[in-house]
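First up is the structure itself, then whatever we jot down about it.
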Amino acid sequence: MIAIAKPYLTNEEAQAAYDTILTGWITQGPKVEEFEKKFAAYTGAKYAIAVSNCTTALHLAMIIAGINAGDEVLCPSLSYIATANAIKYVGAKPIFVEVQPDTYNMDPVDAEKKITSKTKAILVVHQIGMPADIDAFQDLCIKYNIKLIEDAACAAGSSYKGKRIGSHSSLACFSFHPRKVITTGEGGMITTDRDDYYERFKLLRQHGMSINDRVRHEAKKIVFEDHVEVGYNYRMTDIQAAVGIKQLEKLDWIVGERRKIAAAYHEAFKDLPFIQLPLEKEGYLSNYQSYSIYLKNGCPIDRNTLMQELLNCGISSRRGIMTSHRETAYKNESTDLTLPVSEDLQDNSIILPLYIPMKENEIRFIIDTFSALVKNKLQDVLI
Ligand SMILES: *Cc1c(COP(=O)(O)O)cnc(C)c1O
């Protein structure tokens with residue numbers, strides 16, 4: 001059975017976790033600080049702040065951006081549901097924007113149409129690792145005096161116009177869930193270029209505490225902390241950070257290997273009729289967190305049959321990215337909303353296996369099986 005994804009973890013990560021456990025410092029401490037410094041240096045951001053996952057990163061970003069109850073925040077519906085949920089956590093309303101059919105990313109033209117006097121921010125997603133058009137959204141934010149927040153959950157190692165994701169805006173949120181390109185088990189990171197944001201993030205992720213554990217531990221004179229506002233416990237552990245440091249060292253190599261597999265898919269599928277491959281425009285570099293293919297109208301096999309046939313051959317696949325507005329949690333407030341492009345992409349896209357290392361013969365088998373199925377000629381492969 002070929003899996004859809006696998007984290008790339010080695011003895012190095014296991015050893016780093018082991019060593020950290022034996023230091024006795026296991027939650028947010030020196031390893032978290034080291035991981036943050038290295039992640040900031042890698043992305044080109046001024047600061048990075050580690051948190052428990054990307055969903056908590058997005059929640060804190062909403063608070064820091066000053067989003068309140070009754071405000072509206074634009075985001076794509078075609079995204080993992082955590083994107084919309086983060087807006088809900090602060091009592092605001094997600095306003096779902098249409099995506100572009102070739103990149104799966106939010107459409108700046110539709111976004112501008114949906115801006116009202118209540119709009120306070122745009123939450124742009126770099127979908128499955130493909131950067132969105134950050135400049136277009138930044139321009140909108142300047143024009144309407146609203147905030148830009150990046151859901152970069154899938155985009156560690158991707159870049160836009162020659163600069164890595166994390167270095168473009170004041171708020172970008174990353175995930176280290178095992179389904180993303182590098183992992184800490186669970187984990188998240190926020191990057192920012194603003195001193196005030198950085199200071200407040202540190203407070204909010206740790207109960208609003210004015211002095212952190214490490215400072216108290218190392219103090220030569222007694223110090224007492226104050227809790228200056230209502231905060232949260234969104235800390236990352238040092239065990240996770242130790243794993244993250246090792247993963248980060250491999251990130252460029254991982255992205256390179258993933259791009260080779262994506263290139264092999266592209267080369268093999270580019271002339272197949274009725275399918276649309278991921279589009280990486282000039283100046284956009286994807287880490288290929290996922291490889292999603294859209295089946296056009298007229299394709300001889302429908303998406304669900306294709307998934308079942310692949311499974312019968314021992315190949316896992318997943319349906320396309322979900323639309324949040326059609327999930328039960330959002331259905332009732334979105335009854336009159338239709339997003340034809342997003343809905344079509346969810347219903348007719350398929351995600352193929354992509355992880356490293358993938359064996360030559362596995363890649364070949366996926367390519368041959370998929371190509372035969374979309375041409376309705378599976379018998380050619382099986383004999
Ligand atoms: C995975 C993902 C998230 C959530 O990340 P967690 O670290 O699991 O909280 C949020 N947004 C998008 C677009 C994602 O793909």
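Counting starts at 1 for both ligands and their atoms, in listed order.
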Show me which atoms of ligand 1 lie under 4.0 Å from any heavy atom of Thr83. 11 (N), 13 (C)
Ranking Thr183, Leu123, Asp151 by closest non-hydrogen atom to atom 11 (N) of ligand 1, top hit is Asp151
Numbered atoms and elements of ligand 1 in range of Tyr80, under 4.0 angstrom, heavy atoms: 2 (C), 3 (C), 12 (C), 14 (C), 15 (O)
Nearest protein heavy atom to atom 5 (O) of ligand 1, by residue and atom, and its distance? Cys54 CB, 3.3 Å
Which residue and atom name correspond to the protein heavy atom nearest atom 15 (O) of ligand 1, and how close is it? Lys180 NZ, 2.7 Å
Nonpolar side-chain network containing Ile64, other nodes, edges under 4.5 Å: Tyr47, Ile49, Val51, Leu58, Leu60, Met62, Ile63, Ile67, Val73, Ile87, Val90, Leu123, Ile149, Leu171, Ile190, Tyr197, Tyr198, Phe201, Leu204, Tyr232, Tyr234
Contact check, Ser79 vs ligand 1, heavy-atom distance below 4.0 Å: yes
Result of checking Asp71, Asn68, Asn145 against Lys120 for side chain to side chain donor-acceptor pair (under 3.5 Å): Asp71
So is Thr55 polar-close to ligand 1, meaning N/O to N/O under 3.5 Å? yes
Short list, please: which atoms of ligand 1 are under 4.0 Å from a heavy atom of Ala153? 2 (C), 3 (C), 10 (C), 11 (N), 12 (C), 14 (C), 15 (O)
Only heavy atoms of Val125, strictly under 4.0 Å: list the atoms of ligand 1 that pass. 13 (C)
Measure Arg179 to ligand 1 on non-hydrogen atoms and call it side chain, backbone, both or neither using the 4.0 Å cut-off. neither
Determine whether more than 12 heavy atoms belonging to other residues, nucleotides or ligands lie under 6.0 Å from atom CD1 of Ile301. yes
With a 6.0 Å cut-off (strictly less than), is the heavy-atom count around OH of Tyr18, excluding the residue itself, greater than 12? no
Atom CG of Asn297 with >12 non-hydrogen neighbours under 6.0 angstrom: no
Closest approach of Met189 to Ala48 (non-hydrogen atoms, all atoms of both residues): SD-CB, 3.9 Å
Specify the closest pair of heavy atoms between Gln127 and Ile321, including all atoms of both residues, with the distance to one decimal. CG-CD1, 3.3 Å
Here the atoms of ligand 1 under 4.0 Å from any heavy atom belonging to Ala82 are 4 (C), 10 (C)
Measure the spacing between CD of Glu72 and CD1 of Ile122 and express it to the nearest 0.5 Å. 12.5 Å
Does ligand 1 have a heavy atom under 4.0 Å from the side chain of Cys154, from its backbone, from both, or from neither? side chain
Would you call Asp196 and Arg200 a salt bridge, using N to O less than 4.0 angstrom? no
Which atoms of ligand 1 are found less than 4.0 Å from any heavy atom of Ser175? 5 (O), 6 (P), 7 (O)
